[in-house]
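The next block holds one structure in the form of structure tokens; read it before the comments.
Counting begins at 1 with the first residue of the sequence.
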Amino acid sequence: MGDHGHRQPGAARGPRESFDRTLARPIETYGDETALERLRGIVRPFVLRRAKDDPEVELELPPITIGKDYCKLTVEQASLYQATVDRWMPRIEEQQDSFGQRGSVLAMLSQLKRVCNHPELLLASGQPLEGRSGKLDRLVELLEQVPEGDKALRLHAVNPGFDRLVPYLHARLGTEVGFFHGRLTARQREEGARGVRAARRPLGARDLDQGGRPAA
């Protein structure tokens, strides 16, 4: 009698093998459009982001206008920025291989980005947010210019703890702030979206970080 505990050669290897055989290889190797459409149909219910050229999005949004807004660092930000560079440069220079150097450079850039957003993102102190970030001050200025009844959506990914921005903007703008992040359930997202739509002067804040961390 055969041993049923051993897999026979050529036997199915489970969901991964089935996926590779029916979808991955046909799409990647042969450009199989039928397999691609099947895959899209499978994942579409789970994908929240929509393409800008989707018809349902085109009907909702005006033509996109891109503008750059330059923000000055505060004294606190400039000091932290220089200190971060001074701390990381020796580590980068002492790396023996390019892979280690690239990792250190990326780590430094990540911290510099936090400094430019707000010092509290690098060194959480619990101090008030106001007046410590040129970028945050400019954000408030722009949001104060949003016409009555219009909506503003701020998209960003930051580190844990900066959900403090939500009550701060509520106090500064006098309006409810919708707060979306990756840890919300589908029901919570829908309830939050309804609140934003119903608000007299709604403002949405959504987290794009796939790790589900709070957003600014």
List for me each residue that meets side chain to side chain donor-acceptor pair (under 3.5 Å) alongside [X], sequence neighbours excluded, and say none if there are none.
{"X": "Glu76", "value": "Arg132"}
{"X": "Asp97", "value": "none"}
{"X": "Glu141", "value": "Arg138"}
{"X": "Arg187", "value": "none"}

Hey, can you pull the donor-acceptor pairs under 3.5 Å for the side chains in residues 98-107, sequence neighbours left out?
residue: Gln101; atom: NE2; partner: Ile92; partner atom: O; Å: 3.3
residue: Ser104; atom: OG; partner: Gln95; partner atom: NE2; Å: 3.4
residue: Ser104; atom: OG; partner: Gly100; partner atom: O; Å: 3.2

Which donor-acceptor pairs under 3.5 Å do the side chains of residues 26-33 make with protein atoms, sequence neighbours left out?
residue: Thr29; atom: OG1; partner: Arg25; partner atom: O; Å: 3.2
residue: Asp32; atom: OD1; partner: Thr34; partner atom: N; Å: 2.9
residue: Asp32; atom: OD1; partner: Ala35; partner atom: N; Å: 3.0

Any donor-acceptor pair under 3.5 Å from His118 side chain to Leu129 backbone: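 Flag set: sc His118 to bb Leu129 pair under 3.5 Å.
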
Any donor-acceptor pair under 3.5 Å from Thr74 side chain to Gly134 backbone: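 No: the side chain of Thr74 does not pair with the backbone of Gly134.
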
To the nearest 0.5 angstrom, please state how far the [atom1] atom of [X] sits from the [atom2] atom of [Y].
{"X": "Glu120", "Y": "Leu136", "atom1": "CD", "atom2": "CG", "value": "11.0 Å"}
{"X": "Arg164", "Y": "Leu169", "atom1": "CZ", "atom2": "CG", "value": "12.0 Å"}
{"X": "Gln77", "Y": "Cys116", "atom1": "CD", "atom2": "SG", "value": "6.5 Å"}

Distance-minimising heavy-atom pair for Phe19 and Leu39: CE1-CD1, 4.0 Å

Least distance between heavy atoms, Arg38 atom then Leu23 atom: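 Of all heavy-atom pairs spanning Arg38 and Leu23, the closest is CD-CD2, 3.9 Å.
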
State yes or no: do [X] and [Y] share one hydrophobic cluster built from I, L, V, M, F, W and Y residues joined by side-chain heavy-atom distances below 4.5 Å, directly or via other members?
{"X": "Leu142", "Y": "Leu173", "result": "no"}
{"X": "Leu36", "Y": "Val43", "result": "yes"}
{"X": "Val85", "Y": "Trp88", "result": "yes"}

Check ion pair Glu130-Arg172 (N to O, under 4.0 angstrom): yes

Any Thr84 side-chain heavy atom under 4.5 Å of Leu122 side chain: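 With C-beta onward as the side chain, the pair touches.
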
Gln111 side chain reached by Arg87 side chain, heavy atoms, under 4.5 Å: yes

Within 6.0 angstrom of Tyr168 OH, more than 12 heavy atoms from elsewhere: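 Yes, because the 6.0 Å sphere around OH of Tyr168 holds more than 12 heavy atoms from other groups.
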
Verdict with reasoning, Asp86 to Gln82, per side chain to side chain contact (heavy atoms under 4.5 Å, CB included): CA-CA 6 Å; Asp86 292 342; Gln82 188 61 54; 2.9 Å; yes

